[in-house]
Enquirer: 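Next up is a structure, given as structure tokens.
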Amino acid sequence: MAYKAPRGTRDILPEEAARWFQIESFFRALCARYGFGEIRTPLFEHTELFTRSVGEESDIVSKEMYTFQDRGERSLTLRPEGTAAVVRAYLEHGMVSGPQPVKLFYCGPMFRYDRPQAGRYRQFHQFGLETFGAAGPAADYEIVALTWEFISVSLGITAVDLELNSVGCPSCRPAYRAALLAYMQPRRASFCPDCRRRFTANPLRVLDCKDPGCREAAREAPRIGGSLCPECGGHFAALQELLASSGIPFQINPLLVRGLDYYTRTAFEVVSREAQTQGSLAGGGRYDNLVEQCGGSPTPGVGVALGVERLILAAGGKAAPPREACPVYVAYTGDSLAAQAQALAREIRAWGMPAEAELMGRSLKGQMKFAGRRGYRFVCILGEKEHARGKIIWRDMAGGGQEELAPEELRERLESSRPGSGGV
Ligand code: HAM
């Protein structure tokens, strides 16, 4: 039987993996420039961490988690997102008592039992940032600015919008929630089944539901902007000023509430305008009560996560590195030279050039055909006669020419052919 990767997962083959590596390197470089340190948390956590933080009524917890019992009968869950685990680690390692803010980034797979389609997977990858201990709008600004710089400058993705909203805090949200409930109650029959179910627990979710019935109901609904307390209003205004003064374009979207329950004040997304990409490339916001909810003392936090598969899709060919072609192939004739071929490849690598030697024991004709198909730039041939005279045959696959070289000449030739050497 031929096995296939499980639905919603995929293999990343060498050509694409080079692109992943490049994009991750860009992200890491930018994080270093902004002073974020890397954190790596386990791929699974105690289930309760997610139910408490992301929220029982959220789609993620109610429908999408990969939850299992281990042999010790603990309920564990493959992480559906990174924030909860980073909060857990922040508390577990006492980072709360060190100098604040603590600024962390992560890269890695997340797991959600979602309906797979282009840009939506069951195992997908996120780059994420979390800043703890900074309550002011400058911390939100830094998260949004890094996200924007990464997407628009590092990756050159320009058909995107930055959408911004404030979802208030526990002191102003209840009044808004009550106003929204009163407005929505008579329209409840037109909601999708999900919104009908979660309406009383979380009426705000109707606002960014994609279902046409919910959209229609949300069109004229009261906006949260009018209900923000002076502190939330001031925070939101200051963030907008910071973004405007650094030339980062944004749009206020009063319907943006995000699907995770932990947000307070700032909520934002970077959304693609391209039809073939799943809308949201990145999403995040502030979560000033989450650390306390997870058992710590009150500590503000703000962060974001970016979907790597979606970024790669949206970046198209722009971020593609040149294919890492291995420029030198070492071929040989006669079994007695197999070990010498390996030794020569080793030596060329020690000179700093990628090189490979024949592994299949093919005829010279077969080796040359292979080297042509794989696109090697140069082939060194160890022939029995030439080898006896201390010479190597050098073939430039682009020019077709062939000559005999001594090992020192070979090194010179390879060095002068390096990109930027002014040679071939
Ligand atoms: P999220 O909006 O659930 O937020 O996910 C962030 C990003 O992950 C999305 O914008 C999207 O690009 C990507 N993503 C989500 N689900 C999938 C999927 N099934 N397939 C492919 N990509 C996907 C969070 O996860 C929060 N933890 C973000 C955050 C960090 N908030 C504060 N700090």
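Start at 1 and go down the list; that is how both ligands and their atoms are numbered.
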Enquirer: Which ligand 1 atoms, with their elements, are less than 4.0 angstrom from a heavy-atom of L281?
Expert: 10 (O), 12 (O)
Enquirer: Do E216 and R187 make a side-chain contact, defined as non-hydrogen atoms from C-beta onward lying under 4.5 Å apart?
Expert: no
Enquirer: Which class fits the ring pair Y329 and Y376: parallel under 30°, tilted 30 to 60°, perpendicular over 60°?
Expert: tilted
Enquirer: Can you tell me which residue and heavy atom of the protein come closest to atom 12 (O) of ligand 1, and the distance to 0.1 Å?
Expert: S280 O, 2.9 Å
Enquirer: If you have a sec, work out which protein heavy atom is nearest atom 30 (C) of ligand 1 and how many Å separate them, to one decimal?
Expert: T83 OG1, 3.0 Å
Enquirer: Any nitrogen or oxygen of V304, side chain or backbone, less than 3.5 Å from one on ligand 1?
Expert: yes
Enquirer: List the steps, then state whether side chain to side chain contact (heavy atoms under 4.5 Å, CB included) holds for I381 with W394.
Expert: CA-CA 6 Å; I381 306 167; W394 160 265; over 6 Å; no
Enquirer: Which protein non-hydrogen atom lies closest to atom 31 (N) of ligand 1, naming both residue and atom, and how far is it?
Expert: Y263 OH, 2.6 Å
Enquirer: Could you identify the single nearest non-hydrogen protein atom to atom 14 (N) of ligand 1 and state the distance to 0.1 Å?
Expert: F124 CE1, 3.5 Å
Enquirer: I'd like the name of whichever of E81, H125, R258 reaches closest to atom 4 (O) of ligand 1 through any heavy atom.
Expert: R258
Enquirer: Does R122 approach ligand 1 within less than 4.0 angstrom via side chain, backbone, both or neither, non-hydrogen atoms only?
Expert: neither
Enquirer: Give the numbers and elements of all ligand 1 atoms closer than 4.0 Å to a heavy atom of G284.
Expert: 31 (N)
Enquirer: Report the residue from Y90, Y262, Y263 that forms a ring pair (Phe, Tyr, Trp, His ring centres under 6.0 Å) with Y287.
Expert: Y262
Enquirer: Determine, considering heavy atoms only, which of G303, G307, A267 sits nearest to atom 32 (C) of ligand 1.
Expert: G303
Enquirer: Just heavy atoms, cut-off under 4.0 Å: does R120 contact ligand 1 by side chain, backbone, both, or neither?
Expert: both
Enquirer: Could you walk me through whether Y332 and Q340 pass the side chain to side chain contact (heavy atoms under 4.5 Å, CB included) check?
Expert: CA-CA 9 Å; Y332 63 90; Q340 262 82 5; over 6 Å; no
Enquirer: What is the distance from atom SG of C31 to atom CG of L146, rounded to the nearest 0.5 Å?
Expert: 5.5 Å
Enquirer: Only one of D59, D261, L260 passes side-chain contact (heavy atoms from CB on, under 4.5 Å) with V54; say which it is.
Expert: L260
Enquirer: Among Y106, Y113, Y287, Y262, whose heavy atom sits nearest atom 26 (C) of ligand 1?
Expert: Y262
Enquirer: Heavy-atom pairs closer than 4.0 Å: do any link ligand 1 to the side chain of F268, the backbone, both, or neither?
Expert: neither
Enquirer: Could you tell me whether the side chains of E24 and W20 share a donor-acceptor contact shorter than 3.5 Å?
Expert: no
Enquirer: Hey, is V302 touching ligand 1 through its side chain, its backbone, both or neither, going by heavy atoms under 4.0 Å?
Expert: neither
Enquirer: Are side-chain N/O atoms of Y183 and E220 paired as donor and acceptor at under 3.5 Å?
Expert: no
Enquirer: List the closest protein heavy-atom neighbour of atom 33 (N) of ligand 1: residue, atom name, distance to the nearest 0.1 Å.
Expert: E130 OE1, 2.8 Å
Enquirer: Find all atoms of ligand 1 within a distance of less than 4.0 Å from any non-hydrogen atom belonging to D114, and give their numbers and elements.
Expert: 19 (N)
Enquirer: Below 4.0 Å from ligand 1: does a non-hydrogen atom of G128 turn up there or not?
Expert: no
Enquirer: Any side-chain heavy atom of S272 sitting closer than 4.5 Å to one from I157?
Expert: no
Enquirer: For atom 7 (C) of ligand 1, what's the nearest protein heavy atom and its distance?
Expert: A305 O, 3.7 Å
Enquirer: Could you list the atoms of ligand 1 found under 4.0 angstrom from a heavy atom of L260?
Expert: 3 (O), 4 (O)
Enquirer: Under a plain distance cut-off of 3.5 Å, with no hydrogens placed, do T266 and D140 share a side-chain donor-acceptor pair?
Expert: yes
Enquirer: Could you tell me whether ligand 1 has any atom less than 4.0 Å away from a heavy atom of E309?
Expert: no
Enquirer: What part of Q126, side chain, backbone, both or neither, has a heavy atom within less than 4.0 angstrom of ligand 1?
Expert: side chain
Enquirer: Can you list the ligand 1 atoms lying under 4.0 Å from a non-hydrogen atom of G119?
Expert: 20 (N), 21 (C), 22 (N)
Enquirer: When you measure from the centre of the six-membered ring of F21, is the NZ or CZ of R19 under 6.0 Å away and within 45° of the axis?
Expert: no
Enquirer: Distance check, rounded to the nearest 0.5 Å: E81 atom CD versus I60 atom CD1?
Expert: 6.0 Å
Enquirer: Run the salt bridge (Lys or Arg N to Asp or Glu O under 4.0 Å) test on E38 and R28 for me, step by step, so that the C-alpha distance in whole Å, both residues' side-chain angles and the decisive distance to 0.1 Å come before the verdict.
Expert: CA-CA 9 Å; E38 184 177 7; R28 286 172 177 280; 2.8 Å; yes
Enquirer: Starting from atom 20 (N) of ligand 1, locate the nearest protein heavy atom and write down its residue, its atom name and how far away it is, to 0.1 Å.
Expert: Y121 N, 3.0 Å
Enquirer: Under a 4.0 angstrom heavy-atom cut-off, which atoms of ligand 1 come close to G283?
Expert: 10 (O), 28 (C), 29 (C)
